[in-house]
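Each residue takes its place number in the sequence, starting with 1.
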Amino acid sequence: MGYFPANLFTNLSEKATSILFGGSVLAVDGASTPPMGSGLLPSILSDKAASIVDILLVDEDGKIAPFDVKTIKDETSDLCYAMTPIFGESTSRCLYGGPGGCVVG
């Protein structure tokens, strides 16, 4: 992400209260959504889906820590796309993606 001076953000001068990450696809009304990532649904037992790796937090003291906070998943349709919980001992990561095929509209 990087460092952003406080004067750029009037509502974020102290700290973030939430972090969002993942994947997104788009289709027009009446069309099926495309695959995301490799097109495979994610599984902690397989590394074939798209991934976000080395997820770290920088705390208020500037120290880097593994990502170990509780997360909330928001999946539009877990048959078309899914995301694993964040997992890993030394390296936090998550897997996401799917075959698509959901009809929009």
Side-chain angles (χ1 to χ4, degrees):
M1 299 281 180
Y3 167 78
F4 298 94
N7 64 350
L8 291 179
F9 300 95
T10 57
N11 295 328
L12 187 62
S13 62
E14 303 248 342
K15 64 181 180 178
T17 56
S18 64
I19 302 168
L20 302 172
F21 58 90
S24 179
V25 297
L26 181 64
V28 297
D29 282 349
S32 294
T33 56
M36 180 188 297
S38 66
L40 299 173
L41 288 169
S43 166
I44 293 176
L45 303 175
S46 172
D47 284 341
K48 306 243 185 244
S51 64
I52 301 171
V53 298
D54 295 331
I55 302 169
L56 299 170
L57 289 177
V58 179
D59 68 17
E60 60 270 2
D61 296 323
K63 294 182 181 165
I64 295 175
F67 195 96
D68 62 355
V69 298
K70 296 198 185 302
T71 58
I72 299 170
K73 293 191 322 176
D74 182 14
E75 299 167 336
T76 305
S77 171
D78 60 2
L79 296 176
C80 296
Y81 309 106
M83 184 171 190
T84 65
I86 296 171
F87 65 97
E89 299 270 333
S90 60
T91 302
S92 297
R93 64 189 184 129
C94 67
L95 304 171
Y96 66 99
C102 292
V103 177
V104 177

Hey, does S43 have a side-chain heavy atom less than 4.5 Å from the side chain of T84?
no

Where is the tightest heavy-atom contact between L41 and G97, given as atom of each residue plus distance?
CD2-O, 3.8 Å

Can you list everything that forms a side-chain contact (heavy atoms from CB on, under 4.5 Å) with I52? Sequence neighbours excluded, please.
F21, I55, C94, Y96

Taking every heavy atom of A82 against every heavy atom of P42, the minimum-distance pair comes out as O-CG, 3.4 Å

Residue pairs passing the disulfide bond (SG atoms under 2.5 Å apart) test where at least one lies in residues 19-50, sequence neighbours excluded:
none

Kindly write out the residues that satisfy side-chain hydrogen bond (donor to acceptor under 3.5 Å, both in side chains) with T33, not counting sequence neighbours, or none if the list is empty.
Y81

Looking at residues at least two apart in the chain, or sitting in another chain, which of them share a side-chain contact (heavy atoms from CB on, under 4.5 Å) with S51?
V53, L95

To check you understand the geometry: which heavy-atom pair defines the closest contact between P99 and L79, and what is its length?
CG-O, 4.0 Å

Going by the salt bridge (charged side-chain N to carboxylate O under 4.0 Å, His left out) test, which pairs reach into residues 42-51, not counting sequence neighbours?
D47-R93

Minimal non-hydrogen separation, C80 against G101, with atom names:
SG-C, 4.1 Å

